[in-house]
Amino acid sequence: MTSLQDRTRFEPAEVEPRIVDRWLSSGLHHPEPDGTPEENYSIAIPPPNVTGALHMGHALNGSIQDTLIRYHRMRGRRTKWILGTDHAGIATQKQVERALEAEGTSREALGRDAFVERVWRWREEYGGTIIEQLKRLGATADFDDERFTLDESYVEAVLKVFVELYDKGLIYRDLYLVNWDPGLRSAVSDLEVEEREVTDTLYHIAYPLEDGGEIVVATVRPETMLADTAVAVHPEDDRYRHLVGKTAVLPLVGRHLPIVADEYVKPDFGTGALKITPGHDPNDFEIGRRHDLDEVTVIGEDGRMTAEAGTAFAGFTVAEAREKVVAALTEQGLIRHAEDHTHEVPFSQRSGERIEPLISLQWFMAMDQLAQPAIEAVRTGRVRIHPESQARRYLEWLENIRPWCISRQLWWGHQIPVWYRDEEETYVGTQPPEGPNWERDPDVLDTWFSSALWPFATLGWPEDTPELRAFYPTDVLSTARDILFLWVARMVMMGLEFTGDVPFSDVYVHSVIQAPDGRRMSKSLGTGIDPLDEIEAHGADAVRFGLLAMSSSQDVRYSSEKVRQGQALANKLFNAARYVLGNVVASTEPAPRPATVADRWILSRLQRAKAQFDANVAAFDFSKAALGLYDFVYGELCDWYLEFNKGRAYDDDLSATMLYVLRETLVLAHPVIPFVTEELWSHVPGAEDLLATQQASGPDATLHDAEAEARVGAVIAAVTALRSWRDEAGVRPGETLPARVDGLDGDAELVARMARLDLGADGDHTAAIPFEGGMIEIRAGSLVDPEAEARKRAAERERLEGEIARAEGKLSNAGFVAKAPEELVAAEREKLERLRRELEQL
RNA sequence: GCGCGCGUAGCUCAGCGGUAGAGCAUCGCUCUUACAAGGCGAGGGUCGCCGGUUCGAGCCCGGCCGCGCGCACCA
């Protein structure tokens, strides 16, 4: 191993691979299942898509989870970070289909079995990528126990859940209007649909009435008129009241349409008359069921018009049919008006295609009954969601929950365990039915159906495994807010339903990292930043620190400054350790052996840093936790304590204290910046094993020292005041100044050393520099420019007078004296007196 | 449309009832026994706008303006 003293910089690229190897070969990431879930600590990783690569969101969440895992591992908990990947039905199938297309073939040409086989091979090849990338981040997930949502045992769990929910009547098959994705040729769930603003043409179309006259309806989708089965008006609408119960005749088709009254219709929109197309519009579908209307389908699953649309339109795409319908209506003089209309239209998040609402035979899951316990769990605090605002979103969604369409017309996934025979018989079971002529339902389950079981299916459920007994329920689930409904809420429901317990006690919803310009990070926009590039450039510690430091309760822009701050911290700590280790008596046992007020001060500040770090981690405030480490290492340990001790002999006492502080600092910082701390640990004399497996001790109240903090606080104030004075007075920092110090008693020596004062010499009085707790008198005569000094003094007097005026004003305010808290008034009085003294001394 | 969040130093963000903060950037000084990916210091803000509550308000309340997100059925 390279000697520490030869290196003046921390080189992540050289150090990190070595350290990762040591961690992995130690097996520290893999706990034996033992103990209870209360004693142990576990986190189930949000399973990345098996085909995925590490992006900034993974890097942030990986940093958060690994920080929690390392923190609790170092505090005596048996920790398991449950690892694995998700088969990601649609995403994976699409990737492989694209590859097939490039080869000039298709999944249809291959057939189902060969295609699925092909996807498995694809997974063999690319599935390990993201796992390897997590290792580079320093993640100590359980790499020895990697799960996949299509593992044999996982499939068993999924099928069992399906069958049980079916038996309870919560899963059912229904002919219902679904969000059809024509690109995917599959149904998708409500949560996979996003609204986009689109400008369409709103046509006013006249429908003749059977008894003469007409009624004009407004629509942006004229082609769907071919499937109209009614016209609706508002029951209170005087313009149309007399038409309710009459019949209109559908142009181009000739179908007779009842005119119905329904509250849904908005009289002030369009013409106030609404064509009803139950087969192709969600609202019309509801209205249709209310009024028992026919459901006609004219658009097929391929996005083209069906035979039902009539010979003039069958086979054309929706867009083509629209033109033809409008042309035909125009010809008949039935288009009364056309205008641009901008509105929100559903698109598939998966394929980007416009959703085509279609009536389709699909599997659904009733959610109301399952939602109730999941609502209770959050209301009663059994599951705590951080930040609070996300808990409100969670509850709102669950309180308004709708049935979940769980079947997907894909090949890659958990095939639905239902068999049919002769259109008559249906069999539902985890094993295929006996007997001939059974056909299995070709559809697979929505990926989120299997993800919902993740925290317990990964631990071996439904078997009563040692892993399940030791680590379920898990402790924390950390995730982004976009899958709070898709995933988190459903895990709570399934966990409660099937294990009788919540799957985790805390949910931490982390920030979404945006591009530096505030746009979404995305490959297609070219705004993505690859965390691996950042690790390459700045080191994994820097990336971890930076991501934690920029995280917040809301979305944040990526801040490369924060990453550089992390890099600076790693380098700083590296050099501080190098310096300390080069000076201490190596054989000394690390221990707090304070011999000076500075020693007592740093020991006291260290306890404070530990307590604050603990509090911040407990509150999931990772930004404060990371920045607090930076402040302690930079602002207290390096800027002051190491400097205080320059020129002091490194005797046994100082060595013991130094080593103690160094070791405690490495232990404290390790969860956030594991690499540099682990590397340094290997150079600390007497430090055994890996830092990652050391046990941290909590803040030690006996080392808290208010007196030392006050005294050193005054020293720091004095030194800072003097440096500032030098800068303004133009006195070089290196120049030793004859001076007297008032108000610091025995600590004046410390100030003299830090600020280059000569307390023994004497000379003309030239300047008085007040600081919080005393006064430095410079006796340097000719060194100082008298004019500059006079200007400074005047400025200082002005400042003091201003502050005195403010304090006097406050104290002469009867309201303040009468109503403000007593101690505040007293403090103000003291301050006023102090300011007056300072002014007098000037 | 309803709901939530955010507008604080040039930039990214803390602070959320008692005299405005950090990191970076800028400027000046400085190679003082670790660290130039150093050290020290300085400048820089009517805390989006208007009212109100309070002895006292970035901080609480109300109303505007701007930005973002979530939910929603206006054809």
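Just so we're on the same page: letters track the sequence lines, and every chain starts at 1. What you see is a predicted model; the values in this text were computed from it and never measured.
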Using purine N1 to pyrimidine N3 plus N6-O4 or O6-N4 for Watson-Crick, or N1-O2 and O6-N3 for G-U wobble, both under 3.5 Å, which nucleotide pairs with [N]?
| N | result |
| --- | --- |
| B:rC60 | B:rG52 |
| B:rC71 | B:rG1 |
| B:rG17 | none |
| B:rG43 | none |
| B:rG66 | B:rC6 |

Between [N] and [M], how far apart are the two [atom1] atoms, rounded to whole Å?
| N | M | atom1 | value |
| --- | --- | --- | --- |
| B:rC50 | B:rA57 | C1' | 15 Å |
| B:rG15 | B:rC6 | C1' | 15 Å |
| B:rG17 | B:rG56 | C1' | 8 Å |

Requested in this report: Please lay out, stage by stage, how A:Glu828 and A:Lys831 fare under the test salt bridge (Lys or Arg N to Asp or Glu O under 4.0 Å).
Outcome: CA-CA 5 Å; A:Glu828 200 63 32; A:Lys831 193 169 82 182; 3.7 Å; yes

Between [X] ([atom1]) and [N] ([atom2]), how many Å, whole number?
| X | N | atom1 | atom2 | value |
| --- | --- | --- | --- | --- |
| A:Arg723 | B:rU32 | CZ | C1' | 10 Å |
| A:Asp190 | B:rC71 | CG | P | 11 Å |
| A:Asp639 | B:rA22 | CG | P | 13 Å |

Touch check for [X], heavy atoms < 4.0 angstrom, all strands: base, sugar-phosphate only, or nothing?
| X | value |
| --- | --- |
| A:Glu803 | base |
| A:Gly582 | nothing |
| A:Val265 | base |
| A:Thr277 | nothing |
| A:Pro282 | nothing |
| A:Pro821 | base |
| A:Arg402 | sugar-phosphate |
| A:Arg392 | sugar-phosphate |
| A:Glu195 | nothing |
| A:Arg9 | base |
| A:Phe574 | nothing |

Query raised in the report: Phosphate oxygens OP1/OP2 of B:rU12: is one of them under 4.0 Å from a side-chain N or O of A:Arg557?
Result: yes

Query raised in the report: Does OP1 or OP2 of B:rG23 have a side-chain N or O of A:Lys624 closer than 4.0 Å?
Result: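 Answer is no, no contact under 4.0 Å.
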
When you check the side-chain N and O atoms of [X] and [Y], is any donor under 3.5 Å from an acceptor?
| X | Y | value |
| --- | --- | --- |
| A:Lys810 | A:Ser812 | no |
| A:Asp639 | A:Tyr634 | no |
| A:Glu534 | A:Tyr558 | yes |

Query raised in the report: How do A:His343 and A:His538 order along RNA chain B: which one's closest nucleotide is nearer the 5' end?
Result: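 Nearer the 5' end of the strand: A:His538.
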
**Report entry** Neighbour count >12 (heavy atoms, 6.0 Å) for atom CD, A:Glu339
**Finding:**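 Yes.
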
Query raised in the report: So, does the side chain of A:Lys562 form a donor-acceptor pair with the base of B:rA22 at under 3.5 Å?
Result: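 No.
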
**Report entry** Any N/O donor-acceptor pair, A:Gln565 side-chain to B:rA22 base, under 3.5 Å
**Finding:**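 No.
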
**Report entry** Nearest-nucleotide pick for A:Tyr634, side chain only, options being B:rU33, B:rG39, B:rA72
**Finding:** B:rG39

